[in-house]
Amino acid sequence: MDQNRSRLERAEGYLSDYEKQQAIVEKYEHNPFLKGKMLFSKSIKQEYEDAVAARDRYKFYMEKNGL
């Protein structure tokens with residue numbers, strides 16, 4: 001019972017972080033101004049790439065935990 005609870009608590013944290021990163025990714029993907037800005041600004045592009053990598057990592061963690 002305790003193992004399931006801790007697994008679910010971890011998964012809840014992963015889901016929360018996944019949603020935060022997904023929101024950042026969507027902000028860039030749905031805003032043409034920010035998409036264009038990524039072409040010229042290394043910091044903006046890096047922020048987007050970091051958000052995509054983090055989102056994918058949290059998705060992997062959730063799948064690893066069976067969610």
Side-chain angles (χ1 to χ4, degrees):
M1 197 68 140
D2 288 334
Q3 287 178 338
N4 283 336
R5 184 177 359 176
S6 66
R7 183 176 67 93
L8 290 175
E9 287 173 355
R10 265 194 324 271
E12 184 179 16
Y14 294 150
L15 179 60
S16 173
D17 292 335
Y18 174 84
E19 289 173 341
K20 288 176 189 174
Q21 299 304 319
Q22 180 65 22
I24 293 170
V25 170
E26 287 179 357
K27 176 180 80 171
Y28 284 101
E29 289 179 350
H30 297 297
N31 188 331
F33 175 73
L34 290 175
K35 268 188 172 178
K37 208 170 182 182
M38 279 194 293
L39 298 173
F40 299 103
S41 174
K42 290 181 181 181
S43 64
I44 297 292
K45 185 175 181 177
Q46 186 65 43
E47 181 182 353
Y48 172 77
E49 290 175 352
D50 290 345
V52 169
R55 178 196 64 184
D56 294 343
R57 185 174 55 246
Y58 289 123
K59 182 178 179 183
F60 172 76
Y61 292 154
M62 287 188 295
E63 289 172 352
K64 187 176 175 182
N65 281 308
L67 299 171

Trainee: Test of understanding: clusters of I, L, V, M, F, W, Y form through side-chain heavy atoms closer than 4.5 Å, transitively. Do Phe60 and Val52 belong to the same one?
Mentor: no
Trainee: Which value, rounded to the nearest 0.5 Å, describes the distance between Lys27 atom NZ and Lys35 atom NZ?
Mentor: 14.5 Å
Trainee: When the ring planes of Tyr48 and Tyr28 are compared, do they come out parallel, tilted or perpendicular, using 30° and 60° as the limits?
Mentor: perpendicular
Trainee: Please indicate whether Glu12 has more than 12 foreign heavy atoms, meaning atoms of other residues, nucleotides or ligands, lying under 6.0 Å from its CD.
Mentor: no
Trainee: Nearest 0.5 angstrom please: Tyr58 OH to Tyr14 OH, how far?
Mentor: 8.5 Å
Trainee: How far does CD of Glu47 sit from CG of Leu34, to the nearest 0.5 angstrom?
Mentor: 9.0 Å
Trainee: With sequence neighbours left out, what residues match Tyr18 under ring-ring contact (aromatic ring centres under 6.0 Å, His included)?
Mentor: none
Trainee: What's the separation between atom CD in Gln22 and atom CD in Glu26, rounded to the nearest 0.5 Å?
Mentor: 4.5 Å
Trainee: Show which residues join Phe40 in its hydrophobic cluster (side-chain heavy-atom contacts under 4.5 Å, direct or indirect), or state none.
Mentor: Leu39
Trainee: Once you round to the nearest 0.5 Å, how far does CE of Met38 lie from CG of Asn31?
Mentor: 9.5 Å
Trainee: Measure the CG-CE distance between Asp17 and Met62 for me, rounded to the nearest 0.5 Å.
Mentor: 9.5 Å
